[in-house]
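These numbers come from the heavy atoms of this one structure, side chains and all, not from hydrogens, waters or symmetry mates. Quick caveat, the model's predicted, so the values are computed rather than measured. Every chain is numbered from 1, with letters handed out A, B, ... down the list of sequences.
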Amino acid sequence: MRVSRYFLATLKEAPAEAELVSHRLMLRACLIRRLGSGLYTWMPLGLRVLRKVEAVIREEMNAAGALEVFMPAVQPAELWQETGRWDVFGPLMLRMKDRHERDFCFGPTHEEVITDIARREIRSYRQLPVNFYQIQTKFRDEIRPRFGVMRAREFSMKDAYSFDAGKTGLAASYRRMYDAYARIFTRLGLRFRAVAADTGAIGGSASHEFQVIADSGEDAIAFCPTSDYAANVELAEAMAPPAPRAGPARALEKVFTPGRTRCEDVAALLGVPLASTVKAIAVVHDDALWLLLLRGDHALNEVKASKLPGLEPFRFATETEIVRRLACKPGYIGPVGIDPAIRIAADHSVAAMADFVCGANEEGYHLAGVNFGRDLPEPHFVADIRNVVAGDPSPDGKGVLEIARGIEVGHVFALGTKYSEAMGARFLDEQGQPQLLEMGCYGIGVTRVVAAAIEQNNDARGIVWPAPMAPFQVALVPVGYHKSAEVRAAADELHRKLEEAGVETLFDDRDERPGVMFADMELIGLPHRVVVSERGLKEGRVEYQGRRDASAEKLPRAEALARILARLG
RNA sequence: CGGGGUGUGGCGCAGCCUGGUAGCGCGUCUGGUUUGGGACCAGGAUGUCGGAGGUUCGAAUCCUCUCACCCCGACCA
């Protein structure tokens with residue numbers, strides 16, 4: 001492909017809207033252009049990358065025995081009402097009406113549609129197992145779209161749905177997809193980790209996320225370097241302290257802590273470790289106020305807290321509610337001497353503390369030397385309600401946890417019969433008896449994979465594509481193409497040979513200075529660059545340089561093609 | 001939705017406080033000089049200053065409303 005006939009509209013400066021490296025580079029390299037919040041056009045160069053990712057996904061899905069289908073993006077409300085998700089999805093779902101005033105949505109996912117297919121088409125166990133997948137545009141009206149295509153509202157997703165005759169079959173289908181995902185992300189050249197995950201709104205029993213490791217990732221993942229334990233921090237279990245609580249050693253004391261509303265400030269003022277302070281988080285369920293107690297150096301895990309008996313769903317109390325129930329402003333609230341009707345749930349780590357510091361329920365004061373059983377009753381609930389932190393023991397008992405950031409590019413769920421039951425999707429087993437289909441669902445954020453790959457593979461000059469994703473494999477850059485007949489002839493010939501050999505080549509035939517061409521080819525991240533110049537031709541050579549290489553290598557002109565092909569592998 | 005911020009040629013920005021009829025860099029077009037790391041010179045084109053209303057002799061600038069976008073928190077591939 002000649003650049004003169006392509007569309008390269010690279011930018012020296014990234015639009016101010018973009019903050020994340022991948023977003024900036026995608027805009028600068030003209031991979032995408034924004035239409036509206038969370039809506040992006042894939043430009044020619046970007047689309048080539050997207051198609052590369054899709055191709056790898058298709059190959060591996062097909063190899064795993066999945067069958068490609070293509071479902072409508074627009075779906076009737078009736079299906080969603082059957083599973084109850086018409087209400088569950090809330091404003092995340094883009095709804096619309098047709099000319100007959102019938103309700104539809106732009107599909108945020110396709111469990112309902114595929115389950116409808118399954119209940120109509122699957123009659124017998126002889127048709128099982130079966131796995132249908134598609135690569136489709138989804139729309140989710142995200143609360144806050146951001147980071148370009150990383151969290152867009154409209155995005156491309158590969159979604160697959162497996163149907164099995166029983167739990168054993170489901171486990172096998174799940175495993176097959178898990179393995180296929182590992183192969184897909186490995187082939188794409190990504191550094192990733194599969195982690196145990198919460199099942200969230202999709203529902204089901206088992207679930208793993210595939211996280212691309214990147215500091216800019218929105219997810220925190222906990223993993224144990226000395227074992228294979230890995231889980232989303234949302235799910236990772238914080239082990240209860242092994243040692244029993246010590247007895248009280250200090251007297252209860254009220255201390256003056258003006259303006260110190262954060263545990264860090266209180267600990268600093270009193271000269272005590274942050275881990276000896278306790279914070280109380282006021283939450284509300286059905287108008288009932290709860291206090292959740294956490295160590296000062298720990299953070300609340302809302303997923304875990306919502307599993308406390310009788311607390312789901314909960315929301316954070318407003319300042320007004322806090323003042324009304326505790327007669328004190330936030331920042332100084334605590335569990336001592338409060339209305340016994342207020343439920344108290346303590347994290348395991350708090351329940352094991354003695355002589356701790358907490359709010360006094362009086363503005364400007366905290367209490368020190370606080371002890372359960374003496375100064376306040378034992379908490380109503382003791383549970384794991386905090387996020388694990390680096391250094392916590394691994395739940396598998398084989399080491400200590402570390403925390404890393406990740407970008408979720410894939411998610412596999414063992415759904416079980418949640419949808420087949422809601423929608424009556426049954427098959428006849430060997431005895432001719434109707435049984436519910438066992439389902440699994442498996443997603444890959446195709447557009448997000450592109451952004452994640454850039455996030456992980458870039459340098460000061462631009463994108464550094466893993467070869468399987470690169471829009472072109474070779475950048476052919478002639479120096480002096482428009483004034484040297486020799487350069488022109490040699491470059492044209494090499495271009496022709498590369499294309500004949502099936503190598504995707506971007507041939508920079510523009511009348512630009514070399515610096516401009518080098519900069520553009522590096523920005524768009526092509527893995528291999530070949531330079532043809534008068535200088536080189538005099539020595540009978542052309543130059544080769546890999547995108548990650550520090551310097552160029554001279555290849556004898558006669559061997560150039562073969563040597564380049566060897567580089568491509 | 002709550003909190004913070006920004007809207008001025010394609011991109012990045014200045015001008016706004018203290019009203020006087022729009023400017024800089026990059027890009028782009030034309031001509032010339034250059035040609036191994038985002039060249040130089042000369043000339044040109046591109047703006048209803050996000051929109052609506054108001055104040056004023058006069059509004060990018062002041063006031064009101066509104067829209068869009070970005071960043072920080074709850075959602076998820």
Side-chain angles (χ1 to χ4, degrees), chain A residues 9-20 23-24 27-28 30 33-39 57 88-93 108-110 135-160 181 197-202 207 209-212 218-219 232 234 300 302-303 306 313-316 318-319 406-413 441-452 461-462 477-484 487 511-523 529 531-536 543 545 552:
Chain A
T10 55
L11 265 31
K12 274 194 193 173
E13 287 173 294
E17 72 199 38
E19 200 157 86
L20 212 60
H23 188 192
R24 297 172 67 87
L27 289 168
R28 286 189 54 205
C30 196
R33 287 292 181 253
R34 189 179 65 83
L35 174 65
S37 179
L39 302 172
I57 292 174
V88 171
F89 257 81
L92 189 66
M93 191 150 71
T109 176
H110 279 73
I135 294 177
Q136 238 268 13
T137 299
K138 306 281 192 250
F139 191 96
R140 296 183 188 175
D141 200 352
E142 295 283 350
I143 300 161
R144 183 151 86 85
R146 65 190 122 164
F147 307 147
V149 298
M150 192 80 87
R151 178 171 298 282
R153 292 195 293 175
E154 188 176 305
F155 61 99
S156 170
M157 175 171 168
K158 187 287 301 174
D159 46 326
Y181 275 33
D198 187 62
T199 49
I202 307 281
S207 167
E209 292 166 347
F210 287 77
Q211 297 272 0
V212 164
E218 296 184 82
D219 287 327
N232 193 300
E234 283 181 355
L300 176 67
E302 295 177 43
V303 173
S306 69
F314 74 85
R315 61 176 174 79
F316 291 102
T318 63
E319 182 162 344
I407 299 165
E408 184 188 355
V409 290
H411 204 154
V412 294
F413 298 86
C441 76
Y442 318 92
I444 291 179
V446 184
T447 39
R448 183 181 283 179
V449 163
V450 176
R461 294 176 169 183
V477 180
V479 174
Y481 184 74
H482 293 265
K483 66 158 204 194
S484 159
V487 169
D511 190 8
E512 289 287 356
R513 295 166 64 88
V516 173
M517 297 192 279
F518 293 155
D520 272 344
M521 294 303 117
E522 280 158 355
L523 174 62
R529 185 181 75 194
V531 177
V532 177
S533 66
E534 219 158 21
R535 202 166 78 186
E543 256 175 50
Q545 186 169 355

Subject >> Nucleotide forming a Watson-Crick or wobble pair with B:C65, both distances under 3.5 Å >> reply: B:G51
Subject >> For A:E13, all residues meeting side chain to side chain donor-acceptor pair (under 3.5 Å), sequence neighbours excluded >> reply: none
Subject >> Spacing of the P atoms in B:U55 and B:A60 (rounded, Å) >> reply: 16 Å
Original post:
Quantified in whole Å, what is the P atom distance between nucleotide B:U61 and nucleotide B:C72?
Top reply: 30 Å
Subject >> Verdict with supporting geometry, A:L20 and A:R146, side-chain contact (heavy atoms from CB on, under 4.5 Å) >> reply: CA-CA 9 Å; A:L20 212 60; A:R146 65 190 122 164; over 6 Å; no
Original post:
Quick one: A:E302 CD to B:C76 C1', roughly how many Å, whole number?
Top reply: 15 Å
**OP:** Figure out the CZ/P separation between A:F314 and B:A74, and round it to whole Å.
**Re:** 11 Å
**OP:** State the pairing partner of B:U30; accept Watson-Crick or G-U wobble contacts with both distances under 3.5 Å, and report none otherwise.
**Re:** B:A42
**OP:** Please report the shortest heavy-atom distance between A:G536 and A:S533, naming the atom on each side.
**Re:** N-OG, 3.0 Å
**OP:** List in chain and number order the residues that pass salt bridge (Lys or Arg N to Asp or Glu O under 4.0 Å) with A:D219, two or more places apart in sequence or in another chain; answer none if no residue qualifies.
**Re:** none
**OP:** Using the P atom as the reference point in each nucleotide, state the distance between B:A52 and B:U8 in Å, no decimals.
**Re:** 16 Å
Subject >> Stacking check A:F155 vs B:A77 (5.5 Å / 30 deg) >> reply: yes
**OP:** Assign A:V531 to base, sugar-phosphate, or nothing according to its heavy-atom contacts below 4.0 angstrom with the strands shown.
**Re:** base
Original post:
What is the distance from CZ of A:R448 to P of B:A77, rounded to the nearest Å?
Top reply: 8 Å
Subject >> Set of residues satisfying side chain to side chain donor-acceptor pair (under 3.5 Å) with respect to A:T10, sequence neighbours excluded >> reply: A:D520
Subject >> Shortest non-hydrogen contact from A:T447 toward A:S156 >> reply: OG1-N, 3.2 Å
Subject >> Closest to the A:T447 side chain, choosing from B:G36, B:A74, B:A77 >> reply: B:A77
Original post:
With a 4.0 Å cut-off on heavy atoms, is A:A9 in touch with a base, just the backbone sugar-phosphate, or nothing at all?
Top reply: nothing
Original post:
If you measure from the C1' atom in B:U28 to the same atom in B:G10, how many Å do you get, rounded?
Top reply: 8 Å
Subject >> Listed partners of A:F139 passing ring-ring contact (aromatic ring centres under 6.0 Å, His included), at least two apart >> reply: none
Original post:
Can you tell me the Watson-Crick or wobble partner of B:G25, both distances under 3.5 angstrom?
Top reply: B:C11
**OP:** In whole angstrom, give me the gap between the P atoms of B:A22 and B:G47.
**Re:** 13 Å
**OP:** Return the value, rounded to whole Å, for the distance between atom CG of A:L92 and atom P of B:C1.
**Re:** 16 Å
Subject >> Value in whole Å for how far the P atom of B:A77 lies from CD of A:E218 >> reply: 12 Å
Subject >> side chain to side chain donor-acceptor pair (under 3.5 Å) partners of A:R151, counting only residues at least two apart >> reply: A:E142, A:E218
Original post:
If each of A:G445 and A:F518 is mapped to the nucleotide of RNA chain B with the nearest heavy atom, which maps nearer the 5' terminus, i.e. the 5' end?
Top reply: A:F518
Subject >> Rounded distance (Å) that lies between atom P of B:A77 and atom CD1 of A:I143 >> reply: 14 Å
Original post:
With rounding to whole Å, what would you report as the distance between B:A68 and B:C75 at their C1' atoms?
Top reply: 23 Å
Original post:
For the side chain of A:R151, counting heavy atoms from C-beta on, which of B:A74, B:G38, B:C75 is nearest?
Top reply: B:C75
Show the distances under 3.5 angstrom between N or O atoms of the protein and N or O atoms of nucleotides 69-71 of chain B.
{"from": "B:C69", "atom 1": "OP1", "to": "A:S37", "atom 2": "N", "distance (Å)": "3.0"}
{"from": "B:C70", "atom 1": "OP2", "to": "A:S37", "atom 2": "OG", "distance (Å)": "3.4"}
{"from": "B:C70", "atom 1": "O3'", "to": "A:E17", "atom 2": "O", "distance (Å)": "3.3"}
{"from": "B:C71", "atom 1": "O3'", "to": "A:E19", "atom 2": "OE1", "distance (Å)": "3.4"}

**OP:** Look at the aromatic rings of A:F314 and A:F316 and report parallel, tilted or perpendicular, splitting at 30° and 60°.
**Re:** perpendicular
Original post:
Taking a pair as Watson-Crick or G-U wobble with both distances under 3.5 Å, which nucleotide is matched to B:A74?
Top reply: none
Original post:
Distance from A:H482 atom NE2 to A:E512 atom CD, nearest 0.5 Å?
Top reply: 9.0 Å
Subject >> Proximity to the side chain of A:R140 - top-ranked nucleotide from B:G37, B:C75, B:A77 >> reply: B:A77
Subject >> Among B:G37, B:A39, B:C75, the one nearest A:V516 by side-chain distance >> reply: B:A39
Original post:
Considering every strand shown, what is the Watson-Crick or G-U wobble mate of B:G19 when both distances are under 3.5 Å?
Top reply: none
Subject >> Base B:G38 paired with A:R28 side chain (donor-acceptor, <3.5 Å) >> reply: yes
Original post:
Considering residues at least two apart in sequence or located in another chain, which fulfil the side chain to side chain donor-acceptor pair (under 3.5 Å) criterion with A:E522?
Top reply: A:R461, A:R529
Subject >> Separation of the P atoms in B:G58 and B:C16, to the nearest angstrom >> reply: 22 Å
**OP:** Go through the steps for A:I57 and A:I444 under the test side-chain contact (heavy atoms from CB on, under 4.5 Å), then give the verdict.
**Re:** CA-CA 9 Å; A:I57 292 174; A:I444 291 179; 3.9 Å; yes
**OP:** For A:A552, check side chain to side chain contact (heavy atoms under 4.5 Å, CB included) against everything at least two apart and list the hits.
**Re:** A:E543, A:Q545
Subject >> For A:F210, ring-ring contact (aromatic ring centres under 6.0 Å, His included) partners two or more places apart >> reply: A:Y178, A:Y181, A:F185
Original post:
Given B:A74, B:C76, B:G37, which nucleotide is nearest the side-chain atoms of A:E522?
Top reply: B:G37
**OP:** Indicate, with a heavy-atom threshold strictly under 4.0 Å, whether A:A451 touches base, sugar-phosphate, or nothing.
**Re:** nothing
**OP:** Select base, sugar-phosphate, or nothing to describe what A:D520 touches, counting heavy atoms under 4.0 Å on all strands.
**Re:** base
Original post:
Starting at CZ of A:F210 and ending at P of B:C76, how long is that distance when rounded to a whole Å?
Top reply: 19 Å
Original post:
Toward the 5' end of RNA chain B, which comes first, A:G410 or A:Q545, by nearest nucleotide?
Top reply: A:Q545
**OP:** Return the value, rounded to whole Å, for the distance between atom CG of A:D219 and atom P of B:C76.
**Re:** 11 Å
Atom pairs, protein N/O to nucleotides 25-35 of chain B N/O, distance under 3.5 Å:
{"from": "B:G25", "atom 1": "N2", "to": "A:E13", "atom 2": "OE1", "distance (Å)": "3.2"}
{"from": "B:U34", "atom 1": "O2", "to": "A:R513", "atom 2": "NH1", "distance (Å)": "2.8"}

Subject >> Distance between C1' atoms of B:G4 and B:G44 (Å, rounded) >> reply: 43 Å
**OP:** Spell out protein contact along nucleotides 4-9 of chain B as letters: B when the base is contacted, S when just the sugar-phosphate is, - when no protein heavy atom is under 4.0 Å; keep the 5' to 3' order.
**Re:** ------
**OP:** Return the set of residues passing salt bridge (Lys or Arg N to Asp or Glu O under 4.0 Å) with A:R28 (not counting sequence neighbours), or none when no residue passes.
**Re:** none
